[in-house]
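The sequence lines fix the lettering, A, B, ..., with proteins before strands; numbering per chain opens at 1. None of these values were measured; they are calculated from a predicted model.
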There are 2 protein chains.
Amino acid sequence: MDISRLDIHNSDTPELCKSCEVRHKGMCGALNGMELTLLSKHTRQVSQPAGEELVGESTDIDAYDNIMRGVVKLSKTLEDGRQQIVGLQFAPDLVGRLYASESPMTAEAASDVDVCRVPRRILERLIDGNPELRKRLMDQSLRELDEARDWMVTLGRKTASEKVASLLLLIATHLDPDAEGERRVFDLPVSRLDIADYLGLTIETVSRQLSKLKGEKVISITANRHIEVLNFTKLRVRAG
Amino acid sequence: MDISRLDIHNSDTPELCKSCEVRHKGMCGALNGMELTLLSKHTRQVSQPAGEELVGESTDIDAYDNIMRGVVKLSKTLEDGRQQIVGLQFAPDLVGRLYASESPMTAEAASDVDVCRVPRRILERLIDGNPELRKRLMDQSLRELDEARDWMVTLGRKTASEKVASLLLLIATHLDPDAEGERRVFDLPVSRLDIADYLGLTIETVSRQLSKLKGEKVISITANRHIEVLNFTKLRVRAG
DNA sequence: CGTCGAGTTGATGTCGCTCAATGTCAGTGG
DNA sequence: CCACTGACATTGAGCGACATCAACTCGACG
């Protein structure tokens, strides 16, 4: 039986983690050929359109998702429906609370995403045996902690216009890490409601602040989602 | 030369991590006799009164602090002076950003604290050689990440009165984890300003909300800092 | 006592929320 | 081609929660 026919990943030279970026910075870059082969035998690629849930709040975790493409939003909801987005994850992050049996939050595709779904046991076994992988995941966790704490400052102490500027800055730097100069161009991977839920604001306030930034020629907006940053320095100043 | 005279920790049976709780749940509980001895040779106990800084924002990290007693607050400050507390740490937590050369935030004694100060290199060497220690520190980091994200919901989506109730709840559960029934008694380890900076409010608003909870017989306050929770269930409801 | 820091309480102001109307655009069907 | 629809976004008017500013209380300490 030729297992390579069953799954695109079941080949001798695994197709997993194809992109250069993912290979270099992501989890798979820490694996040797044997480990990649093991992984490929148990992994399947999953594509989810924007809005689909990957992991529900307080549901069992039986797999982790390695983001190959797209943006994932992590959110928590109060009983009465108030929602707060507590993080955005970009390729090549790993989605899922390590070592917990139950997810403390919802993970949802913000844009269309492709992920590699790894069974929990498999990943945890790989972690135990591979110090380099362990280090990368530890680094990701610590980076997420730093980002969460930075965002606490934004949520607790910044004004609405600083919040919106901060988010544009965050997305710009994540989607285009090594751009230079004053101009940045990108598509917002999230809706106005998501922005509001990330910033602890309402969609109306977000809209007003975006319009204000537009009026002051700091950014220009076309087709609702397409952002051109005209003056990156000014945007950074406005982010507080 | 009798080195045991030089440092209270330099003895054959190290006096480090004396308390039962610390020994069981803290970092030192993961160490064997040899490791404890190594640690004791390089560790010194430091006592800081409330308000003293342990690590400054964007200063070099050359040591980690293991909390033996007291409460440490972690905070970040914007250029214009606005401050946000991004975490509280209790015994037996380890203070300090692992694997970073520079601290992303200020760590300051909220109450009077005693810490064991461990040189960075020593701790990192111990981590490399001890899977159990590694796991405990990973767990602490992941727990801090969970707490930071929970707090983002509080900061972004809760009202002032829910915020204050949430903080009382947080402190009550940390200072007295396995209490039962409706009553809790504790002393606030932080000032009104700290509370305000943790909740993203002003001291006046904090004060008014505390007075309201007092008026509604949910808590009673004596001597500014001494809190008696009269109705824990009601407090939990108010926390949202 | 007088002073000082921490906390409380009151009066007033304002930023962001609420509610409601309007605009934009893609999709659908006549 | 245009009308209709529904999802999403923008804009405006009014209001309320929290901030700001200021006065006052209280205990600690010289």
Side-chain angles (χ1 to χ4, degrees), chain A residues 49-52 73 78 80-84 110-112 154-168 187-216 219-227 238 240, chain B residues 49-52 73 78 80-84 110-112 154-168 187-216 219-227 238 240:
Chain A
E52 285 299 302
K73 65 181 203 214
L78 296 171
D80 61 7
R82 282 176 287 176
Q83 198 178 48
Q84 176 68 46
S111 62
D112 296 348
T154 299
L155 287 173
R157 288 301 182 203
K158 291 189 187 174
T159 65
S161 67
E162 289 171 324
K163 285 181 177 182
V164 170
S166 299
L167 182 62
L168 292 179
D187 284 307
L188 284 178
V190 291
S191 68
R192 296 293 189 275
L193 181 58
D194 286 336
I195 296 177
D197 283 343
Y198 199 22
L199 296 171
L201 297 172
T202 58
I203 51 173
E204 293 95 331
T205 300
V206 170
S207 181
R208 279 185 252 272
Q209 298 303 332
L210 285 173
S211 299
K212 209 176 82 188
L213 285 173
K214 200 168 53 177
E216 292 163 334
I219 59 171
S220 90
I221 308 178
T222 46
N224 279 345
R225 293 286 190 103
H226 188 75
I227 305 283
R238 268 145 211 277
Chain B
E52 285 298 304
K73 65 182 204 212
L78 296 172
D80 60 7
R82 282 176 287 176
Q83 198 178 47
Q84 176 69 45
S111 62
D112 297 347
T154 300
L155 288 173
R157 288 300 182 203
K158 291 188 187 174
T159 65
S161 68
E162 289 171 325
K163 284 180 176 181
V164 170
S166 298
L167 182 62
L168 293 178
D187 285 306
L188 285 177
V190 290
S191 68
R192 297 291 190 273
L193 181 59
D194 287 336
I195 296 177
D197 283 343
Y198 200 21
L199 296 171
L201 298 171
T202 59
I203 52 173
E204 293 95 329
T205 301
V206 170
S207 182
R208 280 185 251 271
Q209 296 304 332
L210 285 173
S211 299
K212 208 176 83 186
L213 285 173
K214 200 168 56 175
E216 292 164 332
I219 60 172
S220 89
I221 308 178
T222 46
N224 279 345
R225 293 284 190 105
H226 188 75
I227 305 283
R238 266 144 213 274

(request) Tell me which of A:Arg157 and A:Leu193 sits closer to the 5' end of DNA chain D, going by the nucleotide each one is nearest to. (result) A:Leu193
(request) In whole angstrom, give the distance that lies between atom CZ of B:Arg192 and atom C1' of D:dT25. (result) 14 Å
(request) Give a yes/no on whether any side-chain N or O of B:Ser211 is located under 4.0 angstrom from OP1 or OP2 of C:dT9. (result) yes
(request) Could you check A:Ala223 against A:Gln209 and say which one's nearest nucleotide on DNA chain C is further toward the 5' end? (result) A:Gln209
(request) For B:Leu167 and B:Tyr198, run side chain to side chain contact (heavy atoms under 4.5 Å, CB included): C-alpha distance rounded to whole Å, both residues' side-chain angles, the deciding distance at 0.1 Å, then the answer. (result) CA-CA 9 Å; B:Leu167 182 62; B:Tyr198 200 21; 3.3 Å; yes
(message) If I take atom CG in residue A:Leu210 and atom C1' in nucleotide D:dA9, what distance separates them, rounded to the nearest angstrom?
(response) 10 Å
(message) Please evaluate residues A:Ile195 and A:Ile203 with respect to the criterion side chain to side chain contact (heavy atoms under 4.5 Å, CB included), reporting the C-alpha separation (whole Å), side-chain torsions for both, the decisive distance (0.1 Å), and the verdict.
(response) CA-CA 8 Å; A:Ile195 296 177; A:Ile203 51 173; over 6 Å; no
(message) How close do A:Asp197 and B:Arg157 get, counting heavy atoms only, and between which atoms?
(response) OD1-NH2, 2.9 Å
(request) Report yes or no: does B:Glu52 contribute a side-chain atom to a donor-acceptor pair with the main-chain N or O of B:Pro49 at less than 3.5 Å? (result) no
(message) Looking at B:Arg208 and C:dG7, is any side-chain donor or acceptor paired with a base atom of the opposite kind under 3.5 Å?
(response) no
(request) With the side chain of A:Ala160 defined as its heavy atoms from C-beta on, choose the nearest nucleotide among D:dT10, C:dT9, C:dG16. (result) C:dG16
(message) With hydrogens left out and only the distance checked, is there a donor-acceptor pair under 3.5 Å joining B:Arg225's side chain and the base of C:dG7?
(response) no
(request) From the options C:dT8, D:dA19, D:dT11, select the nucleotide whose nearest atom is closest to the side chain of B:Thr205. (result) D:dA19
(request) Among D:dC18, C:dA11, C:dG16, find the nucleotide with the atom closest to the side chain of A:Leu201. (result) C:dG16
(message) From CG of B:Asn224 over to C1' of D:dG27, roughly how many Å is that when rounded to an integer?
(response) 9 Å
(message) Looking at B:Gln83 and B:Leu78, would you say the former's side chain and the latter's main chain have a donor-acceptor pair under 3.5 Å?
(response) no
(message) Distance check needed: D:dA9 C1' versus A:Ile195 CD1, whole Å only.
(response) 11 Å
(request) Rounded off to whole Å, could you give me the CD-to-C1' distance for the A:Glu204 and D:dA9 pair? (result) 10 Å
(request) Return the value, rounded to whole Å, for the distance between atom NZ of B:Lys158 and atom C1' of C:dC17. (result) 19 Å
(message) Using whole Å, what does the distance between atom P of nucleotide D:dA17 and atom CD of B:Glu162 come to?
(response) 12 Å
(request) Among the candidates D:dT11, C:dG16, C:dC17, find the nucleotide nearest to the side-chain atoms of A:Thr202. (result) C:dC17
(request) For B:Leu213 and C:dT9, give me the distance from atom CG to atom P, rounded to whole Å. (result) 13 Å
